[in-house]
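Only heavy atoms go into these numbers, but all of them, side chains included; no hydrogens, no water, no symmetry mates.
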Amino acid sequence: SETQDESETQDESETQDESETQDESETQDKSETQDELINSYPFELIDSSGETIKFTESPNRIVAFDSAALETIFELGEGEKIVGTHDFVAYPPEAEKITRVGGAFNMNIEAIIGLNPDLVFIFSDQNLNDLRNAGLKVLYIESLNNDFTKISDEIKMWGRILDAELKAEDIIFDFENRLKNIEKAVENINIKQSIFQDVGGLWTPGPNTLVGEVFDLLNSNNIAYDVDGYVQISREIIVDRNPDIIITLDIESITKDPAFNDINAVSNNRVYSLSSDALSIGGPRFIEGIEELAQLIYSENIDSFLTT
């Protein structure tokens with residue numbers, strides 16, 4: 001009986017040791033896997049042209065020919081790596097000193113070559129072949145026109161490229177948490193209002209755009225529900241569809257136009273301008289644009305749900 005007890009005790013002890021060893025091994029494996037994810041060079045990306053782009057280290061001289069990419073790189077704390085961008089970048093303020101290499105669709109390839117970049121990022125394939133034929137490393141990711149939830153994917157991509165994955169995860173967490181707060185707030189509001197956005201000259205986004213999807217998120221009826229992309233609509237259609245809210249770059253262009261005197265948005269003083277271009281750029285600030293629009297639409301009904 002004593003021998004049996006000793007044997008059972010020894011078995012239990014060995015089993016416990018094996019279990020602890022296994023746990024330690026699993027913990028070590030997980031730690032090693034996490035390290036591999038954080039330091040994941042080399043790796044490859046397939047861009048929008050189907051080309052495989054290989055990264056063996058973080059690029060140090062980037063031409064970011066895209067506002068969202070530039071803002072994302074700055075948000076990751078890597079803005080000093082950007083050596084060139086397009087003419088219309090306005091944010092962040094630190095970007096003002098970055099060399100400009102042409103308009104969004106009028107790229108100065110010679111100027112880009114002169115900057116000796118180790119990565120050129122573009123959102124359109126208009127100059128793709130010329131850039132690659134010049135021997136430049138080009139990453140082409142088509143501009144995000146819809147599905148703003150993919151903004152997180154692009155932040156994650158840049159985090160990996162720049163060896164800043166942990167910072168990227170923090171930004172994504174904040175973005176998605178604030179988005180959930182807005183979704184939760186809207187669920188509890190039983191008001192549905194019609195909305196029209198004038199981005200200039202009565203051009204407006206349809207439902208299959210980033211802003212159109214934000215209108216859906218905020219449970220608002222886009223009066224341009226039957227258009228594709230961005231289109232210019234007539235005053236007659238705006239009057240006929242009678243929006244409750246108008247978002248515009250120039251408030252007086254709406255309020256002082258006699259054609260709009262009797263529409264709800266004008267009668268009820270609900271013609272607004274957004275305080276920034278955050279809702280126009282599919283980057284980390286996009287959530288700020290959603291929050292501002294939510295506050296304009298729902299006012300005090302939503303304030304308690306916002307984290308900023």
Side-chain angles (χ1 to χ4, degrees), residues 46-50 65-69 71 86 88 103-107 121-128 140-154 157 175 179 182-183 186 192-250 253-254 257 259-260 263-266 270-274 276-283 285-294 296-297:
I46 298 176
D47 76 359
S48 296
S49 68
F65 217 74
D66 175 72
S67 297
E71 290 189 18
H86 63 72
F88 302 107
F105 295 99
N106 184 27
M107 184 181 289
F121 180 86
I122 56 175
F123 68 90
S124 163
D125 64 358
Q126 182 175 351
N127 297 286
L128 177 60
Y140 160 48
I141 302 294
E142 188 176 6
S143 184
L144 194 60
N145 295 315
N146 55 29
D147 194 357
F148 60 79
T149 59
K150 290 181 180 176
I151 291 173
S152 293
D153 295 336
E154 299 206 352
M157 177 193 77
F175 185 101
L179 188 58
I182 294 170
E183 290 171 339
V186 173
K192 194 152 189 170
Q193 300 168 89
S194 59
I195 191 166
F196 166 66
Q197 184 186 28
D198 169 28
V199 297
L202 303 184
W203 283 79
T204 193
N208 62 337
T209 62
L210 291 175
V211 176
E213 290 173 354
V214 172
F215 292 160
D216 285 341
L217 169 73
L218 298 179
N219 199 29
S220 299
N221 291 323
N222 184 1
I223 70 162
Y225 56 82
D226 52 354
V227 307
D228 181 53
Y230 279 78
V231 299
Q232 187 179 39
I233 63 175
S234 68
R235 285 171 170 76
E236 290 75 19
I237 290 176
I238 298 168
V239 170
D240 180 62
R241 297 184 181 180
N242 195 16
D244 297 310
I245 298 164
I246 293 176
I247 307 297
T248 180
L249 297 172
D250 181 1
S253 70
I254 300 294
D257 188 328
F260 299 139
I263 62 175
N264 289 341
V266 174
R270 301 208 67 192
V271 181
Y272 307 114
S273 282
L274 298 174
S276 77
D277 62 352
L279 206 58
S280 304
I281 298 169
R285 284 192 305 143
F286 193 75
I287 190 64
E288 297 175 15
I290 299 176
E291 289 172 340
E292 181 179 9
L293 186 58
L296 290 175
I297 294 172

message: For the CD1 atom of Ile287 and the CD atom of Glu292, what is their distance to the nearest 0.5 Å?
response: 12.5 Å

query: Taking all atoms of both residues into account, what is the closest heavy-atom pair of Tyr225 and Pro207, and its distance?
result: O-CG, 3.5 Å

query: Can you tell me how far the CD1 atom of Ile233 sits from the CZ atom of Phe196, to the nearest 0.5 Å?
result: 4.5 Å

Partner set under side chain to side chain contact (heavy atoms under 4.5 Å, CB included) for Ser194, not counting sequence neighbours: Asn221, Ile223, Pro243, Asp244

- prompt: In Å, rounded to the nearest 0.5 Å, how long is the span from CG of Asn208 to CG of Asp147?
  reply: 12.0 Å

task: Look at the side chain of Asn242 and the backbone N and O of Asn264, then say whether any donor-acceptor pair between them is shorter than 3.5 Å.
output: yes

query: If only atom types and distance count, is the side chain of Arg270 paired as donor or acceptor with the main-chain N or O of Ile297 below 3.5 Å?
result: yes

- line: Tightest non-hydrogen contact, residues Gly289 and Ala278, listed as N-CB, 3.8 Å

Close side-chain approach of Ile281 and Phe286, heavy atoms under 4.5 Å: no

- prompt: Between Phe148 and Glu213, what is the shortest heavy-atom contact and its length?
  reply: N-OE1, 3.2 Å

message: Please check: side-chain N/O of Thr204 versus main-chain N/O of Asp198, any donor-acceptor pairing under 3.5 Å?
response: no

field: Flag side-chain contact, heavy atom, 4.5 Å: Phe88 against Ser67
entry: no

Nearest heavy-atom neighbours spanning Ile254 and Leu202: CD1-CD2, 4.4 Å

- request: Verify, without hydrogens or angle tests, whether Asp66 (side chain) and Ala69 (backbone) share a donor-acceptor contact under 3.5 angstrom.
  value: yes

query: Taking all atoms of both residues into account, what is the closest heavy-atom pair of Pro205 and Ala224, and its distance?
result: O-CB, 3.8 Å

query: Asp216: what forms a side chain to side chain contact (heavy atoms under 4.5 Å, CB included) with it, not counting sequence neighbours?
result: none

- request: Supply the atom-to-atom distance Ile141 CD1 to Ser49 OG, rounded to the nearest 0.5 angstrom.
  value: 8.5 Å

message: Quick one about Thr248 and Asp250 (side-chain donor to acceptor, distance below 3.5 Å, no hydrogens or angles considered), yes or no?
response: no

query: Can you tell me how far CG of Leu217 sits from CG of Leu179, rounded to the nearest 0.5 angstrom?
result: 6.0 Å

message: List the residues meeting salt bridge (charged side-chain N to carboxylate O under 4.0 Å, His left out) with Asp153, not counting sequence neighbours, and say none if there are none.
response: none

- request: Using modelled atom types only, decide if a donor and an acceptor are shared between the side chain of Gln197 and the backbone of Val211 within a distance under 3.5 Å.
  value: no

Option among Val271, Val266, Ile246 that satisfies the side chain to side chain contact (heavy atoms under 4.5 Å, CB included) test with Phe260: Val266

query: Does a side-chain heavy-atom distance below 4.5 Å link Ile245 with Leu296?
result: no

message: Quick one, Arg285 and Asp277 - any side-chain contact, counting heavy atoms below 4.5 Å?
response: yes

task: Taking the side chain as every heavy atom from C-beta outward, state whether Leu293 and Ile195 have any atom pair closer than 4.5 Å.
output: yes

- request: Find the distance between CD (Gln126) and CZ (Phe65) and round it off to the nearest 0.5 Å.
  value: 9.0 Å

